[in-house]
Amino acid sequence: MGPCPFLTPGHGCGNGGRRLGVSFEAQDRPVSAQDPDVVVVGAGPSGVASALLLARAGHRTLVLDGARFPRDKACGEGLMPSGVAVLRRLGLLDALVADGAPRLHSVTYQMLGQPFRATAAFPRPPGGGPGWGLGVRRLRFDTVLAEALRVEPGVTFVEGTRVSGPQRDALGHVTGVIAEGSAIRARCVVAADGLHSPLRAAAGWTSPAPHHGRYGLAGHWRVDTRDIHGITVGFAGGHEWYQAPVGPEELLVSVLGGRHTIGAIAHDYAGSARAALPLVAGADPLGGPLAAGLFHQRPRHVAGDGLFLVGDAAGYDDPTTGEGIAVGLLLAERLAVHLDAALTERISPSAAAAAYTRDHRRLWTDRRRLTRLALLMAAHPRASRRAITRAATRPAALEALLGVNCGYWGFGRLSARDWLSLAGI
Ligand SMILES: Cc1cc2nc3c(=O)[nH]c(=O)nc-3n(C[C@H](O)[C@H](O)[C@H](O)COP(=O)(O)OP(=O)(O)OC[C@H]3O[C@@H](n4cnc5c(N)ncnc54)[C@H](O)[C@@H]3O)c2cc1C
């Protein structure tokens with residue numbers, strides 16, 4: 001990776017707190033005082049968190065999203081406690097709770113159609129803070145986040161504007177983006193444009209996805225959820241159903257599995273959900289389902305040449321462990337620290353890219369192992385039945401795994417006894 005162009009001599013850090021006049025004229029010139037310091041592409045959770053933090057550090061931040069809000073998004077809508085903690089640090093938690101997002105205290109695993117089930121509570125965060133997750137209906141959650149962008153001094157938020165790719169100079173350094181055919185210059189670009197990140201693809205950083213990838217569907221049902229305080233994962237032999245309360249009368253029901261299974265369920269999502277899940281057997285669907293896949297995306301790089309990937313754009317394995325939003329928010333915090341240091345010339349741009357790449361690896365390594373373990377269990381009903389039967393009387397191992405998923409500790413936390421009970425012994 002070469003040096004990043006946004007530290008052009010004579011262009012210091014931004015002065016947040018004022019509105020930008022956004023020009024969409026293509027020009028071949030250095031970044032000027034009118035240009036944003038940072039362009040963030042995508043106003044999902046990762047993009048919003050990155051933009052708020054960069055603007056609060058004093059950098060003029062332009063956020064572009066191809067959609068207009070409110071917009072919906074296929075998601076299991078279970079925000080892990082580690083993500084709740086980031087929202088609290090951002091000052092957004094009260095607005096979300098006021099919006100009706102229910103607290104989630106546990107995860108229940110069950111074999112569908114069989115009497116085996118085990119419940120594990122989210123462990124207490126070792127450093128304090130919220131020990132519960134949130135059921136976040138994306139239609140409302142992302143709207144609250146978008147509203148936070150609109151009122152943040154130092155942020156300009158432009159909706160309905162698709163970005164086709166990064167703009168580069170003759171040396172290949174990213175100097176801005178191409179939006180709706182026009183160039184916008186900036187000192188650096190953050191791609192928070194989701195799982196199939198067009199910016200990542202245009203940068204040539206997308207790796208081929210595996211042939212046998214997984215897909216998902218997510219819909220909502222009118223169910224009284226006042227007595228439901230956790231996520232339920234139901235193994236169905238080759239695919240899994242997920243249920244989570246996302247409002248007082250709104251239950252999220254998503255299903256994950258291979259292409260053919262999800263394709264077949266998509267033909268009759270409501271009928272399949274009713275047949276699989278007693279809770280919705282007599283309930284009315286509220287809408288959907290929305291579909292998504294191919295999940296497994298591993299980019300070649302997550303930062304370099306003035307381009308930084310965050311959230312799903314920076315790579316993703318599978319929604320089965322429900323940590324996507326939380327990790328996106330945690331990544332945004334790390335990204336903002338390193339980008340701020342580079343924009344204020346305390347470290348070099350390449351040092352910022354290297355530090356962010358290390359943080360990305362650190363945040364994902366154990367979580368990816370956990371995802372592999374969860375997928376292994378899901379694919380082997382006999383193993384998952386044994387583990388669930390054992391966890392019903394001894395949930396400690398599952399709770400330790402939830403702590404790994406939240407980033408509270410690593411796999412070293414699990415004792416030999418924990419591993420034995422996960423093996424059903
Ligand atoms: C079925 C399913 C179940 C899931 N379950 C969970 C769960 O329970 N818990 C959890 O935490 N995560 C879950 N996830 C994952 C979660 O949805 C993602 O990790 C999360 O949405 C990533 O956020 P993001 O900000 O990176 O991207 P996104 O939320 O995808 O936002 C990307 C934004 O970029 C915009 N954009 C895209 N391309 C362009 C462009 N060219 N120009 C301008 N704007 C653009 C889009 O309009 C969008 O607003 C699930 C995902 C699926 C599909």
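Computed from a prediction, not measured in an experiment: that's the story for all the values here. In this chain, residues are counted from 1 in sequence order. Remember, it's 1-based here, ligands and their atoms both numbered in the order they're listed.
Side chains of T320 and Y242: a donor on one and an acceptor on the other come within 3.5 Å. With no hydrogens or angles considered, a side-chain donor-acceptor pair links T206 and R200 at under 3.5 Å. A side-chain N or O of H338 and one of D359 form a donor-acceptor pair less than 3.5 Å apart.
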Could you list each nitrogen or oxygen of ligand 1 that sits under 3.5 Å from a protein nitrogen or oxygen, with the atom names and the distance?
residue, atom, partner, partner atom, Å
ligand 1, 5 (N), G76, N, 2.7
ligand 1, 8 (O), E77, N, 3.4
ligand 1, 8 (O), G78, N, 3.1
ligand 1, 9 (N), G78, O, 2.8
ligand 1, 9 (N), G322, O, 3.3
ligand 1, 11 (O), G322, O, 3.3
ligand 1, 11 (O), G324, N, 3.3
ligand 1, 11 (O), I325, N, 2.8
ligand 1, 17 (O), K73, NZ, 3.2
ligand 1, 17 (O), R138, NH1, 3.3
ligand 1, 19 (O), D312, OD1, 2.7
ligand 1, 19 (O), D312, OD2, 3.3
ligand 1, 21 (O), R138, NH1, 2.8
ligand 1, 21 (O), R138, NH2, 3.2
ligand 1, 25 (O), P45, N, 3.2
ligand 1, 25 (O), S46, N, 3.0
ligand 1, 25 (O), S46, OG, 3.0
ligand 1, 26 (O), S46, OG, 2.9
ligand 1, 26 (O), D312, N, 3.0
ligand 1, 29 (O), R138, NH2, 2.8
ligand 1, 41 (N), R162, NH2, 3.2
ligand 1, 41 (N), V163, O, 2.8
ligand 1, 42 (N), V163, N, 2.9
ligand 1, 44 (N), G66, N, 2.9
ligand 1, 47 (O), D65, OD1, 2.7
ligand 1, 49 (O), D65, OD1, 3.4
ligand 1, 49 (O), D65, OD2, 2.6
ligand 1, 49 (O), R71, NE, 3.0
ligand 1, 49 (O), R71, NH2, 2.9

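Residues forming a salt bridge (charged side-chain N to carboxylate O under 4.0 Å, His left out) with R214 (at least two apart in sequence, or on another chain): E240, D318.
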List, one per line, each side-chain donor-acceptor pair under 3.5 Å for residues 85-112, sequence neighbours excluded.
residue, atom, partner, partner atom, Å
R89, NE, E333, OE2, 2.9
R89, NH2, E333, OE1, 2.9
T108, OG1, T119, OG1, 2.7

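Pairs of residues two or more places apart, or lying in two chains, that qualify as side-chain hydrogen bond (donor to acceptor under 3.5 Å, both in side chains) and include a residue from residues 223-236 are D224-R226.
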